There are 2 protein chains.
Amino acid sequence: MAKIATTVYEQIRTAILNGELSNSERLVEEDLAVSMGISRTPVREALRRLAAEGLVDVSPNRGARVAEWDVHDLREIFDLRSILESHACELATPRASAAEIEFLENICTEMEELAETDLSSETRLPALAARNRIFHGKIIEMSNSTRLGLLIETLIHVPIVMQTYKVYSPEALQRSLHHHREIVNAMKAGDEVWASSVMRAHVLAAREEILGQPDPA
Amino acid sequence: MAKIATTVYEQIRTAILNGELSNSERLVEEDLAVSMGISRTPVREALRRLAAEGLVDVSPNRGARVAEWDVHDLREIFDLRSILESHACELATPRASAAEIEFLENICTEMEELAETDLSSETRLPALAARNRIFHGKIIEMSNSTRLGLLIETLIHVPIVMQTYKVYSPEALQRSLHHHREIVNAMKAGDEVWASSVMRAHVLAAREEILGQPDPA
DNA sequence: GCTGCTCTATTTGTATACAAAATTTAACGT
DNA sequence: ACGTTAAATTTTGTATACAAATAGAGCAGC
């Protein structure tokens, strides 16, 4: 049986990621404890862990609230993701096996087919988002750098909370899928400069799509 | 008065960073608690916090040990630092004020003077290392990206623990100081590509100096 | 001598109790 | 009516108590 603290951590985490208690809501230790039928101790541990990941803010003697982000945060995050995921491509390309390339190609195909179907947005977009995450996650895994993976993971929370994928325009979606395909082609050709460049552009394009203008001075 | 948990956290942290209890030593909660005259609760919180930062490893029901790193970890870390600090230079250059440039120049001068004096290594190297950290930290601060700073900070622990600066050769030290000077010149000229390129080379040079050959396949 | 087992002792995980701090509420004076 | 101060309540921080899990010592069997 898993530790209670871990269970609590996961519950609060998914609750935040699903936006179920957003809006800088206060997270009172005892309330959470009684609502789960446990003591404050594991709740406390879970909250501290979430604080370390940046999903909640804690102030001394004043408790925890779910963290709040603004446009500037999103800009920072996509900036860093573009750098780090591009680097992941660079590392992954010379290590990529034929099977891994094929795996990525299959995801590309799935996403392209999904984009063509005329399902309602409510079912199509989450399916696309899920595959998008698998695609990016796979490349990060292929980079074989544990720390790189950890750094990116902490950055990814915020966009998920803000559910950015909802605002993608059809043209942007097409461009995004084309980027994916091009990244795989570059990796297949063993061209890490190509692959990492496209990945950089891909993430920055997502940022511009979500935030509007690239850099309002 | 600050929280006990914070005090404990800082104590264990500096103990690890000074290498006072390295070697994957076990950190038993009760032992630490009685040695500090407090209860297990704040010790536990401090250990979890250190675990989140990667300074200790905790296994369920098996407690915490100070984390252990190998050459592969160092390679990963310097790789990521080269990417992230280079990006910091890119962001910092267009934002740099005259006063900030002068501050960096002064540190360069101090380090150059320190390198020329004939003090014994035991006093000279720590002084150089301290200024080196200020130099890099200032540029990161100038980048004005909170998250970038946080990411780099978590990466820096390990090299400090391993006290890498001890192995620098005189020639490498000279090259390193020259890099610093060149970075400042590039920032002064407003040339962010130049600045970030030199920073990238600077960190990778440090990696090669410490790890020997650049990339043994 | 070595391997595997049981039982004990240590150590972690969780619950509860109490103290300190902060927030809310209420009372009071102007 | 307003602001200020002082209780009262809530909530966090720490200590202690107990349960569950792990590690280690000692011993049986080969």
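These numbers come from a predicted model, not from an experiment. Below, chains carry the letters A, B, ... as their sequence lines are ordered, and counting in each starts from 1.
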Select base, sugar-phosphate, or nothing to describe what A:Arg48 touches, counting heavy atoms under 4.0 Å on all strands. sugar-phosphate
With a non-hydrogen cut-off below 4.0 angstrom, is A:Leu27 in contact with a base, only sugar-phosphate, or nothing? sugar-phosphate
Nearest-Å distance for atom pair [atom1]/[atom2], residues [X] and [N]:
X	N	atom1	atom2	value
B:Met36	D:dT14	CE	P	13 Å
B:Arg40	C:dG13	CZ	P	8 Å
A:Ile4	D:dC18	CD1	C1'	14 Å
B:Glu30	D:dC18	CD	P	14 Å
A:Glu45	C:dT14	CD	P	7 Å
A:Asn61	C:dT24	CG	P	15 Å

Kindly state whether the ring of B:His136 and the ring of B:His180 have centres lying under 6.0 angstrom apart. yes
Are the side chain of A:Asp70 and the backbone of A:His72 linked by a donor-acceptor contact shorter than 3.5 Å? yes
Looking at B:Lys3 and B:Glu45, does any basic side-chain N land under 4.0 Å from a carboxylate oxygen? yes
Determine whether A:Glu30 and A:Arg40 satisfy the following criterion, salt bridge (charged side-chain N to carboxylate O under 4.0 Å, His left out), listing intermediate values before the conclusion. CA-CA 6 Å; A:Glu30 182 137 5; A:Arg40 269 178 56 210; 5.2 Å; no
Which listed nucleotide (D:dA15, D:dT14, C:dG13) is nearest to the side chain of B:Glu29? C:dG13
Is any side-chain N or O of B:Arg62 under 3.5 Å from a base N or O of C:dG13, one able to act as donor and the other as acceptor? no
Taking for A:Thr41 and for A:Gly63 the nucleotide of DNA chain D with the nearest heavy atom, the one nearer the 5' end belongs to A:Gly63
DNA chain D nearest-nucleotide lookup for B:Ile38 and B:Arg26: closer to the 5′ end is B:Ile38
With a 4.0 Å cutoff (strictly under), does any side-chain N or O of B:Arg44 reach OP1 or OP2 of C:dG13? yes
Distance test, side-chain N/O of B:Ser39 to OP1/OP2 of D:dA15, below 4.0 Å: yes
Taking C-beta and beyond as the side chain, do B:Phe78 and B:Asp73 meet within less than 4.5 Å on heavy atoms? no
